[in-house]
Amino acid sequence: MRVLMVAAENDALTGAKVGGVADVVRDVPIALAEQGVQVDVVIPDYHDYLWQYNGRVIAEVSIPFRYSNELVKLIQISNFDGENNVTQYVIQHSLFNRYGAAGVYSHDGHNRPFASDATKFALFNKAVVECLYQAVLPRPDTLHLHDWHAATVAVLMQFAPQYLPLQAIRTVYTVHNLALQGTRPFQHDESSLEAWFPDLPYDGQQICDPHNPHCYNPMRAAISLCDKVHLVSPKYVEEVLLPSDHSVGFYGGEGLEHILQLSHQQHKLVGILNGCEYTKSAEPNCTTLDCFLKLAKRNVLNWISEQVHLKSVHYLASEQINLWRDMPTFSGPLVTSIGRLTEQKVRLLTEYIDGNMVLTHLLDRLDKFGGRLVILGSGDEHFENTFMRLMATHKNFLFLNGYGQSLSDDLYHLGDLFLMPSSFEPCGISQMLALRAGQPCLVHDIGGLSDTIFHNENGFVFRGDSIAKQSASCLETFSDTLSLLKNKPTQYAQIKSQAKQTRYTWQTSIKRYINELYN
């Protein structure tokens, strides 16, 4: 069996990771190869990988795109050639690496969402299909597309007459984040389906956005057109069949629930939990908080050096680190949190109860136990500013506004409790990494968090059918957990031990991939 994976991210290559999809595209091919599957992986060339990895040009292909012909290069990465039956490819074009160190995504403004990225990935998708058609990419038995960035492959294979011979290839589509669908107009915009592919005949009824029929929705299209649709946890499948209601804090089908319900009725919809890598788990650089603070200080100074103007958040973090290092020996609980600062991840922390933010209440309650909180992450400016202001007023809160792999590895090992109050979570990887390091997690009872964290067994779970109830439950569960940690240390140690023993291996998930997605 041969599988070709098409994605925007791949953590097997430097600078091609933004979120969890990169971990999946890195790990799944290796796990498949262990089962005897030949796997090819292709992403855009963001950082001149031809030279970085001593690759070789397989072919130069002319791609009709936006009323002209664009020359792309298909490059095989030599360092990965044949390793574990996995071969890495990239497609090179100036459109893919114009953002320099920013790399994968261009982050278009709210007035034209996805415009630049949609054009970039439309060209990438066209190049993948053309490389398959010209047989310069090995023809797979199954074509596995990841998220909206690869969805247009299914549209081209379905509607472009010249690609009719490719329709015999089985197609699988994985939804990693239903909140990002890549929607663009059908026409009358330079970033639109008809601008990219002027001669493409298509059935708009199969690929339009359900709420904006004049717009092309790549995610909806792939869900409709592919043979199998994969969501990354069983509980998330249940949730997306229901309409979202953000006013009560429920994130379901995000407008695609009717399309997903149809896929479910057609037995196309499969929920398979993502796995975690355990054989190569990272060892901490620091085993004490003081060592971590020294490392954090170096990282903050590096972040400062990268900016022409000093950001207040980095200055405040540096001062907080100095304060912590001058304080007496720390013996209270250390609570940690790592992730993107988006509505999905931190909305509940910024909700208000009795005139104060949930995070303020958490910090006040943590202070009564002599505890501290460290949050590592970046994202929406609104949330960054909110956390910065709280750090300025709470001596037990350190907000590190950036990302560093070594910082992340150490926090997973140093923390007594990992905080992950996501409003929705298709699968989640942070909770698995915390468990792997032996750190119990406090999570919201949704999506992949429900499938991996079990209350008073390997972690702690809160729930609620409204935002107010979710917020109150989060605070109550947090307080109960701190009390358990202080007053019943033996029971907490058992939960900690159970967390470390919890395993969600790719080997288990891959058997379902082969049997339920590929066969």
Side-chain angles (χ1 to χ4, degrees), residues 4-10 40-46 57-76 89-99 104-106 114-140 143-169 171 173 181-187 189-204 206-207 215-222 224-226:
L4 172 62
M5 292 204 166
V6 185
E9 300 182 38
N10 179 6
D40 302 303
V41 183
V42 61
I43 67 167
D45 184 352
Y46 300 115
V57 177
I58 300 296
E60 294 187 359
V61 181
S62 180
I63 307 294
F65 186 72
R66 294 197 298 189
Y67 296 99
S68 64
N69 288 316
E70 301 289 341
L71 189 67
V72 303
K73 293 180 181 179
L74 175 67
I75 297 166
Q76 180 178 318
Y89 294 92
V90 295
I91 292 177
Q92 187 180 82
H93 186 274
S94 60
L95 198 60
F96 304 151
N97 60 11
R98 66 168 48 180
Y99 302 106
V104 180
Y105 306 120
S106 55
F114 306 112
S116 299
D117 282 342
T119 296
K120 175 175 65 180
F121 291 117
L123 174 61
F124 168 64
N125 283 212
K126 176 67 173 179
V128 169
V129 177
E130 188 64 28
C131 286
L132 282 172
Y133 178 69
Q134 295 191 24
V136 293
L137 262 175
R139 184 178 177 123
L143 189 58
H144 192 152
L145 312 176
H146 292 268
D147 257 351
W148 75 263
H149 319 93
T152 301
V153 167
V155 175
L156 294 168
M157 288 175 57
Q158 176 70 27
F159 296 115
Q162 68 269 35
Y163 300 136
L164 183 62
L166 299 178
Q167 291 185 8
I169 300 173
T171 52
Y173 182 61
Q181 300 176 11
T183 304
R184 294 300 302 154
F186 276 120
Q187 56 187 352
D189 192 289
E190 64 179 3
S191 178
S192 64
L193 186 68
E194 293 187 15
W196 305 325
F197 314 116
D199 300 323
L200 178 70
Y202 62 86
D203 180 358
Q206 294 189 66
I207 64 176
C215 287
Y216 163 57
N217 186 317
M219 183 165 282
R220 180 264 167 92
S224 297
L225 299 176
C226 287

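Scope of the values below: all heavy atoms of this structure, side chains included, with no hydrogens, waters or symmetry mates. Only a predicted model underlies this, so the values are computations on that prediction, with no experimental measurement involved.
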Once side chain to side chain donor-acceptor pair (under 3.5 Å) is applied, do any residues pair with N125, and if so which ones, sequence neighbours excluded?
none
On a heavy-atom basis, which atom in F124 and which in P44 lie closest, and how many Å separate them?
CE1-N, 3.5 Å
Can Y46 and Q92 be counted as having a side-chain donor-acceptor contact under 3.5 angstrom?
no
Using the side chain to side chain donor-acceptor pair (under 3.5 Å) criterion, which residues pair with E60? Sequence neighbours excluded.
none
Identify every side-chain donor-acceptor pair in residues 145-153 under 3.5 Å, counting partners at least two apart or on other chains, and give the distances.
from	atom 1	to	atom 2	distance (Å)
H146	ND1	H176	NE2	2.9
D147	OD1	H176	N	2.8
D147	OD1	N177	N	3.3
T152	OG1	Y216	OH	2.7

Verify, without hydrogens or angle tests, whether D117 (side chain) and S106 (backbone) share a donor-acceptor contact under 3.5 angstrom.
yes
Are the side chains of V61 and L71 in contact, using a 4.5 Å heavy-atom criterion?
no
Sequence neighbours excluded, which residues qualify as salt bridge (charged side-chain N to carboxylate O under 4.0 Å, His left out) partners of R184?
D189
For the rings on Y202 and F186, is their centre-to-centre separation under 6.0 Å?
yes
Residues 156-166 side chain polar contacts: donor-acceptor under 3.5 Å, at least two apart:
from	atom 1	to	atom 2	distance (Å)
Y163	OH	K126	NZ	2.8
Y163	OH	E130	OE1	2.4

Nearest 0.5 Å please: distance from the OG atom of S94 over to the NZ atom of K120.
12.0 Å
Validation row: V90, V42 side chains within 4.5 angstrom (heavy atoms)
no
Side chain to side chain donor-acceptor pair (under 3.5 Å) filter on T119, not counting sequence neighbours, yields S191, W196
If you round to the nearest 0.5 Å, how far is OG of S62 from CD of Q134?
8.5 Å
Inter-residue atom distance I58.CD1 - I91.CD1, 0.5 Å rounding:
11.5 Å
I'd like to check I63 versus N69 (side-chain heavy atoms, cut-off strictly below 4.5 Å). Are they in contact?
no
When rounded to the nearest 0.5 angstrom, what distance separates CZ in R139 from CG in L137?
12.5 Å
Any side-chain heavy-atom pair from Q187 and L193 closer than 4.5 angstrom?
no
Is the shortest heavy-atom distance from the side chain of L123 to the side chain of H93 under 4.5 Å?
yes
Rounded at 0.5 Å granularity, tell me how far CG in D40 sits from CG in L4.
6.0 Å
Are D45 and I75 packed together at the side-chain level, in the sense that at least one heavy-atom pair is separated by less than 4.5 angstrom?
yes
Shortest non-hydrogen separation from P185 to S192 and the atoms involved:
O-CB, 3.1 Å
Value rounded to 0.5 Å, distance of CG in L132 from CG in L143
6.0 Å
Tell me the closest heavy-atom pair linking V155 and A221, and the distance in Å.
CG2-CB, 3.6 Å
Side-chain contact, heavy-atom cut-off 4.5 Å: I207 with S224?
no
How far apart are the closest heavy atoms of I43 and A7, and which atoms are they?
CG2-O, 3.3 Å
With the side chain counted from C-beta on, respond yes when F96 and F121 share a heavy-atom pair under 4.5 Å apart, and no when they do not.
no
